[in-house]
Amino acid sequence: MGCKNALADISRYRNAYTLALAASMGSIFYGWDIGLMGGVLTLKSFQQAFGIDKMSASAKANFNGNIVSIMQAGCFFGVMCTSLVSSRFGRKRCLIASGIVYLIGSLVQAIVGMGSSQVVALRVFYFSRFFAGIGVGMVSALAPSYISECMPRHIRGRCTCIVQFSNNIGMMLSFWVNYSASVNMASTDMQWRMPLLIQLIPGVLFVLFMLPQPESPRWLVEKERYDDAAATLAYVSRTSVNDPAVLLTVEEIKADYFGRTKISLLAQFRMMGESRTTAIRCLIPPIVTFFQQWNGTNAINYYSPQIFASLGITGTSSGLFATGIYGLVKVIAVGLTIAFAAETWGRKMCLLVGGLGQGLMMLWIGGFSAIHPQSTIVPASYVSIIAVYFYAIFFCVGWGPLPWAVASEIAPNHLRTATLTVAVGVNWLFSFTISRITPVLLEKITYGTFLLFGTLCMIMTVWVYFFLPETRGYALEDIKYLFEKDMMVRALEDAPGGRFFLGGRRSTPVEEMRRAENAGMRDSDSSDIARKEESEFIEDADLKI
């Protein structure tokens, strides 16, 4: 898509993009914390405030892992609570509640230690980070599904990827705030409190931006509020509630939920194994979020100052400056991916290119660190530093934004709440694991840390090549056909050079499978067939969601 077409597309679907941007503001929370704590931990004022400067190297590594990972523990707990409350109260209200929880936790972090002892301050700091993590976990589970459920399919992938774009915006801003605090502020308590106070701003903006947004049409259909669902679909597509495409989409959502309304969360978990197709669709989202954590990105995000120091960039300010450039590179890369690649290359190609590139960069950094363990600068040091930035670019091309789009699209409509709960829970569980063990790994096995992540990047690339079909361009209600039969054949058809492995085998076209299903329904419900055939006469299929 060229710039002119992209701008025209944004103008046409400006309500949808506004909704996506509002919901994605919540992802700034997580990105801000990723960049924030890695830099704050290097400030001498913070180390003195909590006695870190008096710890041994091993104790300091454990402390760093604990203070970073405690928020991920809160996020995991928040995700586990989200499914039940979002099914009952709706996506929008729960998103607003998550912002309020985050704001309370962030405010306590910023004022911790005022008038209390160092021991008490540390305990309160741990608790406040855990509490803020509950809000972050809630929004991380809700935002991708809320956006995916509201978007026209023509822009669904791009809008869902805005979640990762916002994450990178928050990360970049926190990197530069840390750098500014290091360079321009005296080494007092306010030096480390200031970045914590500023993180309140995106929380306030998120709550304010979410207030005027509509509720998810699929949640509204589930609650039998069909007129409200049509109003949401008409709003995001900027058309009338009586538009045939809007009415058809409501009917298709109703048909998909037929006999499955008001399914309890526990029942949803049990129904994940109701068929082979359903089991596969419920398994893929947690697989992609698992791989998203084990490609090593959070190891660099949280501990980039220490990693740059190991590559020869010494000094707190220099390390934070290099980290700030790293954040800027990620924002530009993910912005270009969302604008031009997510809907042009497709999900599969982006994940393949991103995973392969990440793996090669990680293996290079690990190999260089193995043969040159000193922090002195040699010519290859500059190549390794550039490799870190290229790693960021490849992450933003694939495994940064695309897992959220893939997970929210593939999850079955009637089981989306439970499936995404598991997927996001896996994401936070291993985010906690990575953030906890990374400082220990960097201390104990040094270069082996990068070799481990590089190898896992290669494994996830192979998995995408052979087992993940392309989902771009399909309505959410049609994605089930990709997994009903010939899934691996379809995945290889969509992979570059994949037909070499297939010989003459080809998958059954989705249109043919849909017609066969419609034919099977004709005797039992002829009205459904008429509704399906009506879709062929709707000229603007992009309005279908």
Side-chain angles (χ1 to χ4, degrees), residues 27-55 60 63-71 102-103 105-116 118 121-122 124-126 128-129 132-133 136 166-206 298 300-310 313-331 388 392 435 439:
S27 191
I28 290 182
F29 304 166
Y30 180 40
W32 192 285
D33 183 78
I34 289 175
L36 177 78
M37 286 313 300
V40 167
L41 287 170
T42 66
L43 297 175
K44 291 183 179 179
S45 57
F46 182 83
Q47 295 177 3
Q48 291 169 356
F50 293 97
I52 308 171
D53 54 333
K54 298 181 177 64
M55 295 179 180
K60 187 180 293 186
F63 174 84
N64 290 348
N66 289 334
I67 205 69
V68 168
S69 62
I70 190 66
M71 190 172 195
Y102 168 81
L103 284 170
S106 298
L107 180 61
V108 175
Q109 286 182 67
I111 64 175
V112 70
M114 292 183 174
S116 65
Q118 193 177 81
L122 185 57
V124 175
F125 196 64
Y126 274 125
S128 60
R129 284 186 57 73
V136 175
S166 297
N167 183 301
N168 288 345
I169 287 283
M171 195 185 311
M172 179 196 68
L173 292 175
S174 65
F175 285 156
W176 288 110
V177 168
N178 284 339
Y179 175 71
S180 178
S182 172
V183 172
N184 299 316
M185 298 186 69
S187 186
T188 63
D189 281 356
M190 186 52 63
Q191 186 186 42
W192 62 266
R193 291 186 194 277
M194 184 270 290
L196 293 168
L197 283 168
I198 291 181
Q199 73 176 342
L200 294 170
I201 297 175
V204 172
L205 292 176
F206 170 69
N298 277 344
I300 294 182
N301 291 338
Y302 279 114
Y303 304 105
S304 51
Q306 296 93 315
I307 290 171
F308 280 119
S310 70
I313 297 180
T314 57
T316 300
S317 297
S318 298
L320 292 177
F321 181 81
T323 301
I325 297 297
Y326 174 79
L328 181 61
V329 168
K330 291 188 74 171
V331 167
V388 173
S435 60

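Quick note: residue numbers are just sequence positions, from 1.
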task = Evaluate the side-chain contact (heavy atoms from CB on, under 4.5 Å) criterion for residues Phe63 and Leu122: first the C-alpha distance (whole Å), next the side-chain angles of each, then the deciding distance (0.1 Å), finally the verdict.
result = CA-CA 11 Å; Phe63 174 84; Leu122 185 57; 3.7 Å; yes
task = Carefully, step by step, assess Ile198 and Trp32 under the rule side-chain contact (heavy atoms from CB on, under 4.5 Å).
result = CA-CA 10 Å; Ile198 291 181; Trp32 192 285; 3.4 Å; yes
Side-chain atoms of residues 105-113: list all donor-acceptor pairs with protein atoms under 3.5 Å, sequence neighbours left out, distances to 0.1 Å.
{"unit_1": "Ser106", "atom_1": "OG", "unit_2": "Tyr102", "atom_2": "O", "d": "2.9"}
{"unit_1": "Gln109", "atom_1": "OE1", "unit_2": "Arg129", "atom_2": "NH1", "d": "3.4"}

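Smallest separation of non-hydrogen atoms from Ile28 and Pro202: CG2-CB, 3.5 Å. A pairwise comparison of heavy atoms in Pro195 and Leu36 identifies CB-CD1, 3.2 Å as the closest pair. For Met172 against Leu328, the heavy-atom pair with the smallest separation is SD-CD1, 3.5 Å. The shortest heavy-atom contact between Ala392 and Lys330 is CB-CG, 3.4 Å. The two residues Leu41 and Gln47 come nearest to each other via the heavy atoms O-NE2, 2.9 Å.
With sequence neighbours left out, the side-chain hydrogen bond (donor to acceptor under 3.5 Å, both in side chains) criterion links Gln191 to Ser45. Evaluation of the side-chain hydrogen bond (donor to acceptor under 3.5 Å, both in side chains) rule for Thr188 yields no partner, not counting sequence neighbours. Residues meeting the ring pair (Phe, Tyr, Trp, His ring centres under 6.0 Å) test with Tyr126, sequence neighbours left out: none. Residues satisfying the side chain to side chain contact (heavy atoms under 4.5 Å, CB included) criterion with Leu103, sequence neighbours excluded, are Leu200, Val204, Val207.
Every pair tested for salt bridge (Lys or Arg N to Asp or Glu O under 4.0 Å) that includes a residue from residues 168-184 fails, sequence neighbours excluded, so the list is empty. For residues 185-201, the pairs satisfying salt bridge (Lys or Arg N to Asp or Glu O under 4.0 Å) are Asp189-Arg193, with sequence neighbours left out. Every pair tested for salt bridge (Lys or Arg N to Asp or Glu O under 4.0 Å) that includes a residue from residues 196-205 fails, sequence neighbours excluded, so the list is empty.
A donor-acceptor pair is defined here as one N or O able to donate and one able to accept, closer than 3.5 Å; no such pair exists between the side chain of Gln48 and the backbone of Asp53. Panel note: side chain Ser180, backbone Trp176; no donor-acceptor pair is recorded below 3.5 Å. Within the 3.5 Å criterion, the main-chain N or O of Asn178 finds no donor-acceptor partner in the side chain of Ser182.
Taking the six-membered ring for Trp and thresholds of 30 and 60 degrees, Trp192 and Phe46 have ring planes more than 60 degrees apart, a perpendicular arrangement.
With ring centers used as reference points, Tyr179 lies 6.0 Å or more from Phe175.
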